Each structure stands twice: as structure tokens, then as C-alpha cells.
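Presented below is the structure to which this report refers.
Residue numbers count from 1 along this sequence. What you are looking at is a predicted structure, and each value in this text was computed from that prediction instead of being measured.
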Amino acid sequence: MAAVSISSSPITQVSQHAPVNTSLQPQLLTRLLLDLRGRRFSVDRETIMNLPESVLLCLFPNGLVLSRQSQAFSDGGENEEDDEVYGVDFDPDCFAYVLEFFRNASDAFYGTATSPGLFAAQQHLLDGSPSDFGPSASQNPLLTKQAIIVLREELEYFAIPPKNGKALTDEHGTANQPLLDIKHRCGQNVMEKRNIFTALQRNVHKENNIAEQHLIDMLCMSGFHRDDEWGFRAMEPSRCCISSIALVLLKTGIVHGQNGDRPVTIDYNQMATAQKLLLFWRKPARKCWWDGLEIDLAEPGEMPLPVKLWARRVWTLELSLV
């Protein structure tokens, strides 16, 4: 069988160095215009990329492409990015809360045009000895970045009314108005319980779960307090679901004096604890458990209305660096 020369092969006759048309390359977006349930936000690309992974997953469950994929829809105008709106099914007040917290944390750490930040006062820590933070102090991101603990809860609740009550469903499984009222009042009852750790602590006592107690202790050593409340908490529209989020600055052990009257010092034990939270950087961890309670939904002057309330709670814990 005759060998086919390289020059005669139809596969190799195609040029391997075809010119690239740079005008067809995807154009990176500098800002995104998001429509969150009718409320619009204009957010720059860097801010989006600094958001927690768990929040980004809620905003863009199918992924996010930060470039213009085709010029077929581009008119070449200067404000063409403003015409490309991304519809997002996410609570706009929750998004505003996250943006404000991250912006304030960044300004306090890196400073603004009118005031220096904490980073300027602690740059000398990067020259620390290798034994302080492992191989090299400069490799410790907690010295050069502002760390934020992100704790989210997705709570789905189920109300079981009394058997002899008026709260019923029809033959198609559709709830009648009394049952809808009970679901709404159960949601309000859960909404009023804003303490972060009450439900988990109740589960610790019930199951004697040492791991859950260690989780609470670790979070409270790293920036939370045992009586803290959720920073944002709201019911999802048309669903028996409540979304909550709490953001706190990670307690790294770096101590700044008031008004710069003392040199910056480090609590190395606290820094060691903080470094454990780096395990959750860009790697959110989730925990799910069921919580059951007997509650009375009766208003003052009404007959008792006992309801069994079950809640499925999903916690997501991660660390963000800005």
C-alpha cells in the first residue's frame, strides 16, 4: 500500500496558522445590568467575581458568561452593555444587603480617597518570620485580604393542621383559604425567630451532636456571637420558604490600635483558628437537618389552634476574600 505524503493529504493542506479575526473575539463586559424581580442593579465585573460562590449559584444557576457571545445583537454604540439585561430570580433586598456589606468591608480594609484603610497599617506583617504563619507570611491571604464569613439558610416549612379543623384540600390537592391562612401564619411565626443558632442549638440538645456544637463554637470564635440574628431574612414569594443570610468579618487576631496610637499586633492563637476557615474559601459546605415544633397559632381571644410545624433547614457556610 502506497504511503500518502504529507503534502497530498487533504487534512494537512489546511493552513495551521490561519489569521485570527480579532473583531470576532468575545468582548468582555465591564458592567452587568441585572433585573432582580423588577428591580435593576448595575454591577461591575470585579464586584460580581468577589461575591460568595453560594450567592453566585443562586443568581446564575445555569452559569454566567462575562463576555458578549455574539456581535449579531450589537449596534456598536457606546452604551450597548446597558441594553443587555440579565433577569435574575433573587430577592433584591438581599442582594443590596450583600453588596453594601462587601463594599463597606472593602472600604474599611483598603481605604478610600479620604481615609486610609487597615491594610496600610499592617503591611509590615508581610515581613514576619516564616515560623509565624507557615512557610511565608506573604502566602497567608488573611494578611492581604479582607475575609468575610458567609452563612446562608434556606428554610422550607410544612404545616400540619388539626385533623378536625377547617383547613383542608380539595380532590385536586389545592389548599382552601383556611389552610392557606395557616401556612401564612406559620411563615410569620418562623420569620419572627431571627436568632441564628437557636434551631441548631436545639438540635444539639436533642441529638447530643458534638460536631454541631463544635460548629457553633468555631463560628462564635471566628466572628459571630451566640445571640446574633440573621442580617437579612425574608419569605420567598408564593412558596413556603424563608431565605436568610448573615455576614460577619472574620476575626483574624490582627489587632489595630485606636487612631494608630499603638503598633499592630497579632493574637497567634486566634490567627490559627481563623486559618481553619480558609477550608471554606471558594468551597461552600452544606448541612441539612429537620426541625419539628408544636405551635399555637390562635390569636388573643380565639380557641387554641395547635399546629405541627416541620422545617427543613439547609445551611451553607463559606469564606469570601475581597
Look up atom [atom1] in [X] and atom [atom2] in [Y], then write down how far apart they are to the nearest 0.5 Å.
X	Y	atom1	atom2	result
Lys287	Leu215	NZ	CG	7.5 Å
Glu100	Phe232	CD	CZ	13.0 Å
Asn50	Gln146	CG	CD	12.0 Å
Asp296	Leu305	CG	CG	6.5 Å
Lys145	Trp281	NZ	CH2	8.0 Å
Phe197	Glu229	CZ	CD	12.0 Å

Run the salt bridge (charged side-chain N to carboxylate O under 4.0 Å, His left out) test on Lys183 and Glu156 for me, step by step, so that the C-alpha distance in whole Å, both residues' side-chain angles and the decisive distance to 0.1 Å come before the verdict. CA-CA 11 Å; Lys183 289 184 177 182; Glu156 192 173 6; over 6 Å; no

Which hydrophobic side chains are connected to Met303, either touching it within the sub-4.5 Å cutoff or through other members that do?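 Once heavy-atom contacts under 4.5 Å are chained together, Met303 still belongs with nothing else.
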
Leu118: hydrophobic cluster co-members (side-chain, 4.5 Å): Phe109, Tyr110, Phe119

Both conditions, 6.0 Å and 45 degrees, for the charged tip of Lys308 above the ring of Trp310: are they met here?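 Judged by the rule (NZ or CZ under 6.0 Å from the ring centre, within 45° of its axis), Lys308 counts as positioned above Trp310.
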
With a 4.5 Å cut-off on side-chain heavy atoms, are [Y] and [X] touching?
X	Y	answer
Leu278	Leu319	yes
Leu219	Leu317	yes
Trp315	Ile196	yes
Arg152	Val314	no

Could you pull out the closest heavy-atom pair between [X] and [Y], with the gap in Å?
X	Y	answer
Ala298	Pro304	CB-CA, 3.9 Å
Thr252	Ala274	CA-CB, 3.9 Å
Leu247	Val98	CD1-CA, 4.0 Å
Ala159	Pro161	O-CD, 3.5 Å
Arg37	Pro237	NH1-CD, 3.4 Å
Leu250	Leu277	CD1-CG, 4.2 Å

Between the side chains of [X] and [Y], is a donor N or O closer than 3.5 angstrom to an acceptor N or O?
X	Y	value
Thr30	Arg45	no
Asp44	Thr47	yes
Glu236	Ser243	yes
Gln177	Asp181	yes
Glu212	Gln201	no

May I have the step-by-step check of salt bridge (charged side-chain N to carboxylate O under 4.0 Å, His left out) for Glu154 and Arg313, ending in yes or no? CA-CA 6 Å; Glu154 294 293 326; Arg313 302 173 186 265; over 6 Å; no

Could you walk me through whether Ile245 and Val150 pass side-chain contact (heavy atoms from CB on, under 4.5 Å), step by step? CA-CA 7 Å; Ile245 187 170; Val150 182; 4.2 Å; yes

Using 4.0 Å as the upper bound for N to carboxylate O, is an ion pair formed by Arg39 and Asp93?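 Looking at Arg39 together with Asp93, the answer is yes, because their closest N to O distance falls below 4.0 Å.
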
Does the distance from a Lys or Arg side-chain N to an Asp or Glu carboxylate O, for Arg312 and Glu153, drop under 4.0 Å?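 Judged by the 4.0 Å cut-off on N to carboxylate O distance, Arg312 and Glu153 do not form a salt bridge.
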
Between Trp290 and Leu309, is there shared hydrophobic-cluster membership here, with clusters defined by ILVMFWY side-chain heavy atoms closer than 4.5 Å?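 The answer is no; the residues belong to distinct hydrophobic clusters.
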
Kindly determine whether Gln213 and Asn209 satisfy side chain to side chain donor-acceptor pair (under 3.5 Å), including the steps that lead there. CA-CA 7 Å; Gln213 185 62 58; Asn209 193 315; over 6 Å; no

So, Trp230 versus Tyr97, ring centres under 6.0 angstrom or not?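 Here the rings of Tyr97 and Trp230 have centres that are no less than 6.0 Å from each other.
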
Sole candidate of Phe95, Tyr86, Phe90 that passes ring pair (Phe, Tyr, Trp, His ring centres under 6.0 Å) when paired with Phe41: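 In the set Phe95, Tyr86, Phe90, the residue that makes a ring pair (Phe, Tyr, Trp, His ring centres under 6.0 Å) with Phe41 is Phe95.
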
